[in-house]
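Following: one structure in structure tokens, then a few remarks.
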Amino acid sequence: MGKGDNLGELEQLLMWAIVRLGENAYGVTIWQELKDRAGRDVAMGAIYTTLERLEEKGFVRSKFGDPTPERGGRAKRYFALAGAGARALEKQRETLTAMWGGLSPARGRA
Amino acid sequence: MTRFIRRWLGAIWFWATVVAVFGFVAMLASWPTNPESPSLVPLHLIAVVELVVAAAGWFWSRTGVRREILARAAAVDVASPASPPRRAEFLLYLLLPSKDGEALAGDLEEVFHRVVAKFGRRAGRAWYWSQTARSIAPLAMRWLLRVLRWTAFWTAVGKVLRRLG
């Protein structure tokens with residue numbers, strides 16, 4: 001994994017939210033998931049810019065759905081995790097697990 | 001609409017009462033000294049007319065007419081769908097490519113309607129503006145990066161073309 005493939009905190013949270021939401025991952029549900037699960041009230045614009053960055057990296061892909069009346073006739077943009085994104089998340093988890101191994105945050109070394 | 005009617009009715013009622021009270025006090029104050037003075041007659045007349053207006057206003061406010069008009073205006077208010085602040089929406093469109101702008105504006109509008117249904121229009125508009133304000137910095141940075149990237153690309157293309165030519 002190159003240096004540009006490293007994931008920031010918000011990037012990781014967004015990718016986990018996409019994994020959790022499955023096929024229903026679009027702006028509003030992702031925003032709600034971040035709020036409910038991670039306690040992070042992130043601006044919708046920041047979510048979009050981060051997701052675009054992830055899409056450019058090839059970690060996430062998106063497609064537009066059908067327009068709906070409650071959105072003023074605008075289409076939803078659905079996001080899904082790409083293969084590279086899944087691998088990057090897995091790698092990140094392994095790194096964190098390896099760093100956590102044998103440690104207790106309150107007392108230092110277990 | 002409700003706010004508009006309420007504000008104007010309130011203002012008319014308030015000033016009619018104020019003027020009536022002042023006129024009535026002035027009339028009472030001048031009565032014992034010279035009630036027959038011709039210069040005071042218009043004052044008396046004005047005070048009486050104002051008292052009648054104020055009394056009519058009071059009577060009208062007690063009847064169901066006022067409530068009915070306000071209820072009708074409120075019903076019109078509820079019936080007309082709330083829409084997000086257009087200026088805030090325009091700001092988003094300025095900073096995002098059209099299709100992304102549509103998706104983001106759609107997401108914001110979806111939550112906006114939820115907030116309006118729960119807390120009212122004012123809260124909905126405040127929420128929309130707060131989201132726009134917080135989104136501007138990351139969107140502007142993204143826009144700037146995109147512009148710089150394209151500028152660098154076209155500069156490189158220009159250099160290559162100059163070398164070839």
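Note that these values count all heavy atoms, side chains included, but never hydrogens, waters or copies made by symmetry. Order of the sequence lines sets the chain letters (A, B, ...), proteins ahead of strands, with each chain counted from 1.
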Tell me, for B:Ala105 versus chain A, whether the close heavy atoms (under 4.5 Å) come from the side chain, the backbone, both or neither. both
Salt bridge check, A:Glu52 against B:Arg146: does any charged N sit closer than 4.0 Å to a carboxylate O? yes
Ion pair present between A:Arg71 and B:Glu109, side-chain N to carboxylate O less than 4.0 angstrom? no
OH/A:Tyr48 to CZ/B:Arg142 distance, rounded to the nearest 0.5 angstrom? 14.0 Å
Pick out which of A:Ile47, A:Val28, A:Ile30, A:Thr29 makes a side chain to side chain contact (heavy atoms under 4.5 Å, CB included) with B:Asp107. A:Val28
Tell me whether the count of non-hydrogen atoms from other residues, nucleotides or ligands lying under 6.0 Å of CD in A:Glu56 goes above 12. yes
Examine A:Trp16 and A:Trp100 and state if one hydrophobic cluster contains both, with Ile, Leu, Val, Met, Phe, Trp and Tyr joined whenever side-chain heavy atoms are less than 4.5 Å apart. no
Would you kindly confirm whether B:Trp143 and B:Leu145 end up in one hydrophobic cluster when ILVMFWY residues are joined by side chain heavy atoms under 4.5 Å apart? no
Chain B contact via A:Ala46 - which portion, at a heavy-atom distance below 4.5 Å: both
Answer yes if B:Leu144 and B:Phe153 sit in the same cluster of Ile, Leu, Val, Met, Phe, Trp and Tyr residues linked by side chain heavy atoms under 4.5 Å apart, and no otherwise. no
Nearest atoms (heavy-atom pairs only) where A:Met44 meets B:Gln131: N-OE1, 2.9 Å
Steps toward salt bridge (Lys or Arg N to Asp or Glu O under 4.0 Å) verdict (A:Glu70, B:Arg114): CA-CA 10 Å; A:Glu70 75 269 16; B:Arg114 281 190 218 164; over 6 Å; no
Show the nearest heavy-atom pair for residues A:Gly45 and B:Ser135, with the distance to one decimal. N-OG, 2.9 Å
Following the transitive rule for hydrophobic clusters with a side-chain heavy-atom cut-off under 4.5 Å over Ile, Leu, Val, Met, Phe, Trp and Tyr, establish whether A:Leu54 and B:Met141 coincide in one cluster. no
Are more than 12 heavy atoms from other residues, nucleotides or ligands located less than 6.0 Å from atom CZ of B:Phe90? no
Verify same cluster id: A:Val19, A:Leu51 (apolar side-chain graph, 4.5 Å): yes
